[in-house]
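Report on one structure; see the data block that follows.
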Amino acid sequence: MQKEYLTNLFSLEGKVALVTGAGRGIGQVIARDLARAGADIAIFSRSGAAETVKLIESEGGKAVDIIADCTSEEQVKAGIQKILEVCGRLDIVVNNAGVCYHKDIFEASVEEFRQVIDINLTGEYIVSREAARVMIETKTKGSIINIASMSAYIANVPQRQVAYNASKAGVIHMTKSLAVELVEYGIRVNSISPGYVATPMSIDPDFVEPELLAAWEPLFPMHRMAKPEELTGAVIWLCSDCAAYANGTDILIDGLYTAV
Ligand SMILES: NC(=O)c1ccc[n+]([C@@H]2O[C@H](COP(=O)([O-])OP(=O)(O)OC[C@H]3O[C@@H](n4cnc5c(N)ncnc54)[C@H](O)[C@@H]3O)[C@@H](O)[C@H]2O)c1
């Protein structure tokens, strides 16, 4: 009886969730765990997310892999139409796709600055807008979750990453603003701000030099990075009906990083 109560409270059965950039990293684990909570999954990726689809299907879930670059209005519109054709509805969006360059104000070109803003901020805007259009047309009381970062609150050290930090601060305020604009349609918009999470973005030697990893080590108050799984409970909660009064908010999950 108690078990059923909790399962029903957090169940995403009958819902369809889009997760962007879910070919690997945080997005892959969010997609898997939303499927475990009962949702059918659609993925937007630039080069395919076969591994994620296989993972979800191996556990008995449903997933559809759609090639769509989140910065392209055209591809996002076509991708959302494809979700409607294949899955029949759209209830949840997790705007997860993102990039980070470790370059300071003088190293980064204006083009690189724009690229980061384009993917991390404008991409989330385009996907939110096109998803909200469909949710409004189909009278779906949807939930949009934008992945921001603790870098919205702090400037990470020792690396420099001005474009990333600015983009993530933008995500948090865009989230609040979209929540205000969409509240009358019953669509909630919230964000999650992780600290360092062990994914290719933060541990892959092609992206993070061993010296930088060593410099980060003593800065973790909990002596480690987060695992992607440690974010998914918050995502499932925000998607579920028990978060019906959570709107325009940011959930910081940073293992105390910004507190010390
Ligand atoms: N890893 C961390 O420490 C950390 C911390 C805080 C926030 N985040 C955020 O979490 C999200 C996921 O990061 P991750 O660590 O899993 O990184 P990751 O690099 O492992 O995965 C990001 C995914 O997004 C995809 N992507 C990038 N641009 C895209 C686009 N235009 N269209 C579609 N897909 C695109 C990439 O191909 C990749 O699959 C990002 O928004 C990131 O900024 C990560």
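Every number for a ligand or one of its atoms is a count from 1 in the order of the listing. Only heavy atoms go into these numbers, but all of them, side chains included; no hydrogens, no water, no symmetry mates.
I92 and I41 fall within a single hydrophobic cluster, where Ile, Leu, Val, Met, Phe, Trp and Tyr side chains are chained together by heavy-atom contacts under 4.5 Å. Under the 4.5 Å side-chain heavy-atom criterion for ILVMFWY residues, no single connected hydrophobic cluster contains both I172 and L121.
Residue, atom and distance of the protein heavy atom nearest to atom 17 (O) of ligand 1 are M201 CB, 3.4 Å. The closest protein non-hydrogen atom to atom 6 (C) of ligand 1 is P194 O, 3.4 Å. Protein heavy atom closest to atom 44 (C) of ligand 1, with residue, atom name and distance, is I26 CD1, 3.7 Å. At the top of the distance list for atom 23 (C) of ligand 1, counting protein heavy atoms only, stands G21 O, 3.5 Å. Among all protein heavy atoms, the one lying closest to atom 42 (C) of ligand 1 is Y164 OH, 3.5 Å. Counting protein heavy atoms only, atom 14 (P) of ligand 1 is closest to T199 OG1, 3.5 Å. Looking at atom 34 (N) of ligand 1, its nearest protein heavy atom turns out to be A97 CB, 3.5 Å. The protein atom (non-hydrogen) at minimum distance from atom 31 (N) of ligand 1 is D69 OD1, 2.9 Å.
Ion pairing of E181 with K176 is absent here, as no side-chain N (NZ or NE/NH1/NH2) approaches a carboxylate O to less than 4.0 Å. Between K103 and E112 a salt bridge is recorded (basic side-chain N to carboxylate O distance below 4.0 Å). A salt bridge links E59 and R36; the closest N-O separation between the charged side-chain nitrogens and carboxylate oxygens is under 4.0 Å.
Judged purely by distance below 3.5 Å, without hydrogens or angles, the side chains of S128 and N95 pair a donor atom with an acceptor atom. Side-chain contact of Y153 with N165: a donor-acceptor pair under 3.5 Å is absent, judged by distance alone.
Using a 4.0 Å heavy-atom cutoff, F207 is absent from the residues neighbouring ligand 1.
Each of the atoms 3 (O) of ligand 1 lies under 4.0 Å from some heavy atom of Y196. Close approach to P200 involves these atoms of ligand 1, each under 4.0 Å from a residue heavy atom: 20 (O). Listed by number with element, the atoms of ligand 1 under 4.0 angstrom from any heavy atom of I147 are 9 (C), 10 (O), 11 (C).
Among Q75, R46, K168, the residue whose heavy atom lies closest to atom 26 (N) of ligand 1 is R46. Which of A68, A198, A148 comes nearest to atom 7 (C) of ligand 1 through a heavy atom is settled by distance: it is A148. The nearest non-hydrogen atom to atom 4 (C) of ligand 1, considering only C70, G195, S202, comes from G195. Nearest-heavy-atom check against atom 22 (C) of ligand 1 across G98, S45, G25 picks out G98.
For a threshold of 3.5 Å applied to N or O pairs, the pair formed by V197 and ligand 1 contains at least one separation below that value. The shortest N/O to N/O separation between E124 and ligand 1 does not fall below 3.5 Å. For ligand 1, the polar-atom distance check against N96 finds a nitrogen or oxygen pair separated by under 3.5 Å. On a distance-only criterion, R24 and ligand 1 share at least one N/O pair closer than 3.5 Å. Checked against a 3.5 angstrom limit, the closest N/O atoms of V99 and ligand 1 fall outside it.
For H102 and Y164, the distance between ring centers is not under 6.0 angstrom. The aromatic ring centroids of W237 and F10 lie 6.0 Å or more from each other.
With N146 contributing its side chain and V171 its backbone, the two residues share no donor-acceptor pair below 3.5 Å.
Screening I80, I43, I83, L18 against I66 for a side chain to side chain contact (heavy atoms under 4.5 Å, CB included) leaves a single residue, I83.
At most 12 non-hydrogen atoms from other residues, nucleotides or ligands lie less than 6.0 angstrom from CD of E74. Atom CG of D241 has 12 or fewer neighbouring heavy atoms from other residues, nucleotides or ligands inside a 6.0 Å radius.
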